Structures are given as C-alpha cells and as structure tokens.
Amino acid sequence: MAIFHKHISLLLLQLVLVALVFNKANGSGLKLGFYRKTCPRVEAIVNRATANYIYRAPSLAASLLRLHFHDCFVRGCDGSVLLNSTSNNIAEKDAPPNLSLRGFQVIDAVKAAVEAACPGVVSCTDILALVARDATQLIKGPYWPVPLGRRDGRISIATESRALPSPFANITTLRANFASKGLNVKDLVVLSGAHTIGVAHCSTIETRLYNFTGQGDTDPSLDPKYVPQLKSICFPTDKTTLLGMDPGSSKSFDQDYYKVVLKKRGLFQSDSALLSDKKTSLYVKLYSQSHGFTFFKDFQDSMVKMGKIGVLTGKAGEIRRTCAFVN
Ligand code: HEM
Ligand SMILES: *[C@@H]1O[C@H](CO)[C@@H](O)[C@H](O)[C@H]1NC(C)=O
Ligand SMILES: *[C@@H]1O[C@H](CO)[C@@H](O)[C@H](O)[C@H]1NC(C)=O
Ligand SMILES: *[C@@H]1O[C@H](CO)[C@@H](O)[C@H](O)[C@H]1NC(C)=O
Ligand SMILES: *[C@@H]1O[C@H](CO)[C@@H](O)[C@H](O)[C@H]1NC(C)=O
C-alpha cells in the first residue's frame with residue numbers, strides 16, 4: 001500500500017512538473033488586464049503614444065508588427081530584439097545579415113510615456129506586443145486582445161537570429177520552423193499574411209530574379225509575366241531599393257497578399273512556398289477567396305498564440321527601465 005502511495009505521489013509530482021513546463025511554453029502565465037492594479041491606464045497610454053507616430057508615418061506599422069514577430073521567434077517574447085550591443089556582445093539587432101528592422105524609436109518613446117505614469121512596472125516586451133497590435137489596428141487592420149505579464153530577458157545574441165525563418169526557405173523548413181515555436185500550418189499561412197503590408201529590399205529577391213540555380217536563370221515558381229516588372233525595379237546588384245510585398249496595396253491591411261501568392265507573385269521564395277504543399281495552399285486559396293473577415297479573425301488568433309512563445313513570467317527576468325539596456 002505504501003509503495004502504491006509512493007507511486008501515486010510520484011505520478012502526481014510528474015504531472016505537476018509537466019503542467020509547469022507546459023504553462024511556461026504556452027504562456028499561460030499571461031493574462032488580460034495584468035496591470036489593472038499597478039498601471040491601470042497602460043493600454044490607453046500606449047495607444048495614444050503609438051498613434052502619434054502612426055498618423056505621421058503609417059509605414060511604421062509594418063515595421064512595428066515585424067519587430068514583435070522577431071522578438072517572439074528569438075528566445076521567446078522577451079524584448080531581446082530591443083537590446084543594444086555592448087562592448088563585449090553583439091545583440092540581435094546587429095545580426096550580420098542586417099535585419100533591416102525599424103521602429104525602435106517608437107518603442108523607446110512609448111516606454112518613456114508609460115514610465116512617466118508607472119515607473120518600473122511594465123515590461124518592454126509587453127509594450128512591444130501592445131504597440132504591434134495598436135499600430136496594426138491604427139492602419140485599419142485587425143485588433144486582438146493582448147494578454148500581458150511578460151517580463152524582459154537579459155540576453156540578446158546576434159547568432160540566435162538564425163531562429164528566424166529565411167525568405168529563401170522551402171515549405172518543409174518553414175513548417176518545421178513554425179512547429180518548433182508551437183505554431184501549426186494554419187498559423188504559418190495566416191501569419192505570413194502580415195506581408196500584406198510593408199516593404200522589402202531588392203537584395204532579398206536578387207537571386208530569384210537573376211541567378212536562381214547559378215545559370216543566370218529565374219525562379220520558375222515566379223509568374224514569368226511578373227518577372228520583367230520586378231527586374232525593372234530591382235537591378236542585379238541593387239541592395240537599397242525597397243518594394244512593396246503586396247504591390248499596389250502594401251499600405252493597407254487586407255487579404256490581397258493571398259491573391260498575390262496565388263498568382264505566383266509572392267515576393268519571397270518563402271511566400272511562393274505556401275503553394276507547394278497541399279495544406280498550406282488550401283489555406284492560401286481560402287483566405288484569397290473569402291471575405292477579409294475570415295483572415296482577420298484567424299490573424300487575431302494566431303497573433304495571440306505567437307505572443308505567448310517562450311515568455312518569461314512571475315519572477316523570471318526583469319522589468320527593464322530602458323528598452324535598449326538591461327538594468
Ligand atoms: C513565414 C516566414 C517569414 C519570412 C521568411 C519573413 C521574411 C521577411 C523579410 C525577408 C522581410 C523584408 C526585410 C527587408 O528586406 O527589409 C520581411 C518583412 C516584413 N515581415 Fe516578414 N517574414 C516571415 C513572417 C512574418 C511574420 C510572421 C510577420 C508578422 C506577424 C511578418 C511581418 C513582416 C512585415 C510587416 C514586414 C515589412 C516590414 C517593413 O515594412 O518594415 N513576417 N519579412
Ligand atoms: C541603441 O541602438 C540604436 C540602433 O541600433 C541606436 O539608434 C540608439 O542610439 C542606441 N541607444 C543608445 C542609448 O545608445
Ligand atoms: C544596417 O542597417 C542600418 C540601419 O538601417 C544601416 O544604416 C546599415 O548600413 C546597415 N548595415 C548593413 C551592413 O547593411
Ligand atoms: C528544403 O530545404 C532544406 C534546407 O535547405 C533542404 O535540406 C531540403 O532538402 C529541402 N527540401 C525540399 C523538399 O526541397
Ligand atoms: C551566378 O551564379 C554562379 C554560381 O554561383 C556564379 O558563378 C556566377 O558568377 C553568378 N552570375 C552572376 C551574374 O552573378
């Protein structure tokens with residue numbers, strides 16, 4: 001009987017441990033209204049400060065949404081993307097394949113506004129999650145609830161940016177990458193829809209256009225009628241010109257991205273790759289045909305999921321005073 005009991009308690013202990021680990025991984029430590037007592041106006045302050053920037057420069061919305069994605073895919077949503085390099089460490093934001101991230105000044109300004117009201121309470125990574133949401137809504141995109149309570153990490157390592165998906169990746173690699181973050185095939189297609197807004201550098205498609213297999217050829221998964229148009233914008237060694245990922249509507253958040261991908265005009269190999277798998281191509285068709293409502297609804301759900309990747313909660317990490325530096 002005693003032995004039986006011991007087994008039961010061991011089993012219980014195991015269950016509790018599994019539950020704890022699972023909790024951390026799926027972000028159950030987060031909750032809506034986390035700062036209700038400690039910083040009740042945080043969401044209003046963030047919204048107003050973000051709006052100040054977006055009204056003047058709407059294109060920042062894309063950059064801010066992307067910053068949140070980069071934060072979450074490297075080391076979990078812990079503000080690591082916001083840290084500056086130091087004399088003995090190269091941080092994520094200075095990763096050698098330049099991440100071309102923008103919008104850090106917005107996060108710094110929003111953080112300053114929040115600190116003025118409630119010093120030392122709200123983490124930089126929570127602020128980034130809120131700013132990404134508000135910036136998206138301010139350009140008439142979807143709106144999603146943001147459970148809060150993430151804490152800031154103290155580590156940011158340039159080489160860990162390898163965790164980010166590559167624009168040259170095929171569907172197998174993309175699926176595996178997202179799965180490693182707890183995101184499924186549907187999340188992959190839905191979140192790729194963020195490319196309905198924003199711009200990319202010509203350098204990202206140079207190989208696709210001019211030297212796909214090293215024979216001076218073009219990627220056959222690109223619409224041949226579209227290639228001359230792209231070539232007229234992006235010359236072979238051009239590293240600086242920017243082009244919209246959803247041409248003609250790269251400033252509005254809509255489901256046009258999926259129509260573009262379906263026409264074999266997705267800008268990156270990773271966008272085109274969504275057509276090379278049964279499941280993902282079905283989702284591309286679904287979102288391209290249905291009213292934008294379906295895409296918005298699913299985008300909201302996937303963003304909430306993404307915002308929970310590997311978060312630090314409770315006593316882990318810290319609440320940074322300045323987002324570019326650990327305390
Ligand atoms: C599926 C894998 C993904 C790949 C391979 C990828 C890759 C890229 C690349 C290469 C750029 C252009 C960078 C440049 O040349 O300046 C870009 C831009 C962008 N990405 Fe992604 N991305 C992916 C998923 C996501 C997700 C999940 C989001 C957000 C939820 C996102 C949001 C954006 C936005 C908004 C831009 C435009 C940024 C701007 O205009 O400043 N991407 N992405
Ligand atoms: C942190 O780095 C950013 C760019 O990477 C730079 O603009 C900013 O001035 C730096 N912040 C400080 C306080 O040095
Ligand atoms: C990296 O990005 C910064 C800011 O956008 C730019 O000034 C710098 O030239 C870039 N570096 C490289 C190596 O592309
Ligand atoms: C996808 O890319 C990976 C990594 O580059 C490669 O190992 C794999 O063979 C590719 N898969 C297919 C089906 O092309
Ligand atoms: C195309 O790629 C091949 C193989 O990588 C390389 O030898 C050649 O110089 C490239 N051509 C151009 C125009 O860059």
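Numbering of ligands and ligand atoms starts at 1, following listing order. Here the structure is a predicted model, which means the values were calculated and not measured.
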Atoms in ligand 1 with a heavy atom of [X] nearer than 4.0 Å:
| X | value |
| --- | --- |
| Phe178 | 1 (C) |
| Arg102 | 41 (O) |
| Thr204 | 10 (C), 15 (O) |
| Ser270 | 5 (C) |

For [atom], grab the closest protein heavy atom and report residue, atom and distance to one decimal in Å.
| atom | answer |
| --- | --- |
| atom 35 (C) of ligand 1 | Ala62 O, 3.1 Å |
| atom 11 (C) of ligand 1 | Phe268 CZ, 3.5 Å |
| atom 41 (O) of ligand 1 | Ser63 OG, 2.9 Å |
| atom 40 (O) of ligand 1 | Val199 N, 2.9 Å |
| atom 2 (C) of ligand 1 | Pro165 CG, 3.3 Å |
| atom 16 (O) of ligand 1 | His201 ND1, 2.7 Å |

Shell of protein N/O/S atoms around atom 21 (Fe) of ligand 1, taken as anything under 2.8 Å: His195 NE2
Looking at [atom1] of [X] and [atom2] of [Y], how far apart are the two atoms once the value is rounded to the nearest 0.5 Å?
| X | Y | atom1 | atom2 | answer |
| --- | --- | --- | --- | --- |
| Asp298 | Lys186 | CG | NZ | 4.0 Å |
| Gln255 | Leu286 | CD | CG | 10.5 Å |
| Leu138 | Tyr143 | CG | OH | 10.5 Å |

Taking NZ, NE, NH1 and NH2 as the nitrogens, is one of them in [X] or [Y] under 4.0 Å from a carboxylate oxygen of the other?
| X | Y | answer |
| --- | --- | --- |
| Asp223 | Lys264 | no |
| Arg133 | Glu43 | yes |
| Arg321 | Glu115 | no |
| Asp301 | Lys305 | no |

Give the table of side-chain donor-acceptor pairs shorter than 3.5 Å for residues 32-42, with sequence neighbours excluded, one pair per line with atom names and distance.
unit_1	atom_1	unit_2	atom_2	d
Tyr35	OH	Ser123	N	3.4
Tyr35	OH	Asp126	OD2	2.6

Donor-acceptor pair between Asp246 and His195 side chains, under 3.5 angstrom: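 The answer is no; no qualifying pair exists.
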Near ligand 5, at a heavy-atom separation below 4.0 Å: residues by chain and residue number: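 Ligand 5 pocket, heavy atoms under 4.0 Å: Asn211, Gly214.
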Smallest separation among heavy atoms of Tyr287 and Phe295, with atom names: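 Minimum heavy-atom separation between Tyr287 and Phe295: CD2-CA, 3.8 Å.
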Listing, residues 71-78 side-chain donor-acceptor contacts under 3.5 Å, not counting sequence neighbours, or none:
unit_1	atom_1	unit_2	atom_2	d
Asp71	OD1	Asp78	N	3.3
Asp71	OD1	Gly79	N	2.8
Asp71	OD1	Ser80	N	3.3
Asp71	OD2	Gly79	N	3.1
Asp71	OD2	Thr125	OG1	2.9
Arg75	NE	Glu160	OE1	2.7
Arg75	NH2	Glu160	OE2	3.1
Asp78	OD1	Ser80	N	2.9
Asp78	OD1	Ser80	OG	2.8

Interfacing atoms of ligand 4 (cut-off 4.0 Å, heavy-atom, Asn170): 1 (C), 2 (O), 3 (C), 8 (C), 10 (C), 11 (N), 12 (C), 14 (O)
Derivation of the salt bridge (charged side-chain N to carboxylate O under 4.0 Å, His left out) call for Arg154 and Glu318: CA-CA 8 Å; Arg154 298 188 180 88; Glu318 62 181 20; 3.0 Å; yes
Other residues, nucleotides, ligands: >12 heavy atoms within 6.0 Å of Lys140 NZ: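 No - once you tally the heavy atoms of other residues, nucleotides and ligands closer than 6.0 Å, there are 12 at most.
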Output field: ring centroids Phe253/Phe296 closer than 6.0 Å: yes
Structural part of Ser166 in contact with ligand 1, heavy atom criterion under 4.0 angstrom: backbone
Under-4.0 Å heavy-atom contact with ligand 1, by part of Leu191 that carries it: both
Backbone of Ala51 reached by a side-chain donor or acceptor of Asn47 within 3.5 Å: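 Answer holds: no.
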Test: Arg56 cationic atom under 6.0 Å from Tyr53 six-membered ring centre, within 45° of axis: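 Yes.
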